[in-house]
Amino acid sequence: MNIPDLNRIGKGFQDVLHLKTIPLGIKFFENATDIPSSFELIERKKVICNVIGFSRYYEIAVAITKENTGNLCPVATISLGFGTAPEGFAERAVGAFAVSAEEAAKIVKDMKSIGQGKYAAIGVCPLDRMPLLPDVVQIWGNPTQMLELEYANTWNNAGNPIELVSNGHGASCYEALTWPIVDQKIRMAIADMGDKRHGYAGDDEMILGVPLNRLEQLYEGLLATMKTLNK
């Protein structure tokens, strides 16, 4: 896929589905020096869901290094390979996220990761102006729009149904970002409290995480199924 086609498809998803916000391209960088000059570098501490929400709502390209995201959210820190869970995380989570330290530890136990220390930074940009090929595309929408995307996937890829498996933690940073990279499969997530608190997500919003190699096929399926629905 080339960049013009990527930009066209990003705008196409929004136009066809009447999405509130343009789909996002998310790219990982092995070195901070690899970040394109067109990305605004955030030089303060931010959780990943806030970075994603900032790009989505202000429609700008932003990037942040792992030093400014690490240890702010255990789920993102572990899954994105930016570090490990802070010491005492399980104990502090008692009464907030779980009944006991043992149950809290299960939240991050056996999590998928894109590889500890593999990347130094992450960039997020609206897909219609993304200047390079992303690792994952995130499409944000309501349940009806997600259903239409499920039909699109079924149209030409029925053998690989979209999955939603969740414990309520790490929607935009884990379930719809790390999972698609590790498994190279389309994943669906329900925007969690972090997305609502820090990423401006609405109560009805869900996320589809799409690895780049599945994007064009999904878009073709969407165009086809929308024609059948409009007959």
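What's counted below: heavy atoms across the whole structure, side chains too, no hydrogens, waters or symmetry copies. Treat the numbers as computed from the prediction; the structure is a model and nothing was measured. Numbering of residues begins at 1 and proceeds along the displayed sequence.
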Over all atoms of both residues, closest heavy-atom pair of Asp195 and Ala171: OD2-CB, 3.2 Å
Donor-acceptor pair, side chain of Tyr119 and main chain of Lys66, under 3.5 angstrom: no
Under 3.5 Å: donor-acceptor pair, side chain of Glu220, backbone of Gln217: no
Lys106 side chain reached by Asn167 side chain, heavy atoms, under 4.5 Å: no
Shared hydrophobic cluster for Tyr58 and Ile26 (ILVMFWY, side-chain gaps under 4.5 Å): yes
Transitive ILVMFWY side-chain link Val137 to Trp155, under 4.5 Å: no
Where Ala191 and Ile207 come nearest, the two heavy atoms and their spacing: CA-CD1, 4.3 Å
Backbone N/O of Phe28 and side chain of Asp135: donor-acceptor pair under 3.5 Å: yes
Joint cluster assignment, Met146 & Ile22, ILVMFWY side-chain distance < 4.5 Å: no
Donor-acceptor contact present, side-chain Asp192 to main-chain Gly170, <3.5 Å: yes
Joint hydrophobic cluster, Ile162 plus Leu212, side-chain heavy atoms closer than 4.5 Å: yes
Derivation of the side-chain contact (heavy atoms from CB on, under 4.5 Å) call for Ile3 and Leu133: CA-CA 7 Å; Ile3 301 302; Leu133 295 178; 3.8 Å; yes
Straight-line distance of Lys20 NZ to Gln14 CD, nearest 0.5 Å: 12.0 Å
Any donor-acceptor pair under 3.5 Å from Asn50 side chain to His198 backbone: yes
Side chain to side chain, Phe29 and Pro36, heavy atoms closer than 4.5 Å: yes
Arg92, CZ atom: more than 12 neighbouring heavy atoms under 6.0 Å: yes
Student check: side-chain heavy atoms of Leu218 and Glu216 closer than 4.5 Å: no
Minimum heavy-atom distance between Pro134 and Leu127, given as atom pair plus value: CG-CD1, 4.3 Å
Chi angles and distances behind the side-chain contact (heavy atoms from CB on, under 4.5 Å) call for Thr77, Thr84: CA-CA 6 Å; Thr77 298; Thr84 58; 5.9 Å; no
Phe13 side chain near Leu208 side chain, heavy-atom distance below 4.5 Å: no
Ser55 (side chain) donor-acceptor with Ile60 (main chain) under 3.5 angstrom: yes
Single-linkage hydrophobic cluster Ile9~Met226, side-chain heavy atoms < 4.5 angstrom: yes
Criterion side chain to side chain contact (heavy atoms under 4.5 Å, CB included) against Val51, the qualifying member of Ile122, Ile42, Asn68: Ile42
pair Ile190-Ser166: side-chain heavy atoms closer than 4.5 Å: no
side-chain contact (heavy atoms from CB on, under 4.5 Å) evaluation trace for Leu215 with Leu6: CA-CA 9 Å; Leu215 185 68; Leu6 177 77; 3.9 Å; yes
Any donor-acceptor pair under 3.5 Å from Asp34 side chain to Asn31 backbone: yes
Neighbour count >12 (heavy atoms, 6.0 Å) for atom OH, Tyr57: yes
Between CD on residue Glu40 and CD1 on residue Ile64, distance to nearest 0.5 Å: 11.0 Å
Step-by-step side-chain contact (heavy atoms from CB on, under 4.5 Å) determination, Leu149 to Val210: CA-CA 11 Å; Leu149 288 167; Val210 187; over 6 Å; no
CG on Leu80 to OG on Ser113, rounded to 0.5 Å: 7.5 Å
Gap separating the SG atom of Cys73 from the CD1 atom of Ile48, nearest 0.5 angstrom: 9.0 Å
Lys46 (side chain) donor-acceptor with Thr69 (main chain) under 3.5 angstrom: no
Glu175 side chain vs Leu164 backbone, donor-acceptor pair below 3.5 Å: no
Asn7 to Met130 - nearest heavy-atom pair and separation: ND2-O, 3.1 Å
Other residues, nucleotides, ligands: >12 heavy atoms within 6.0 Å of Tyr200 OH: yes
Under 3.5 Å donor-acceptor, Gln145 side chain and Leu17 backbone: yes
Minimum side-chain heavy-atom gap Thr178-Ile181 below 4.5 Å: no
Nearest-0.5 Å distance that lies between atom CG in Leu222 and atom OH in Tyr219: 7.0 Å
Side-chain heavy-atom pair Trp179, Met188 within 4.5 angstrom cut-off: no
For the student: nearest non-hydrogen atoms of Ala201 and Arg56, plus distance: CA-NH2, 3.9 Å
Gln138 and Leu177, any side-chain heavy atoms less than 4.5 Å apart: yes
Asn213 CG: over 12 foreign heavy atoms closer than 6.0 Å: yes
Smallest separation among heavy atoms of Glu91 and Ala101, with atom names: OE2-CB, 4.2 Å
Neighbour count above 12 (heavy atom, 6.0 Å) for Lys185 NZ: no
Approximate separation, where rounding is to 0.5 Å, of Ile35 CD1 and Thr65 OG1: 7.0 Å
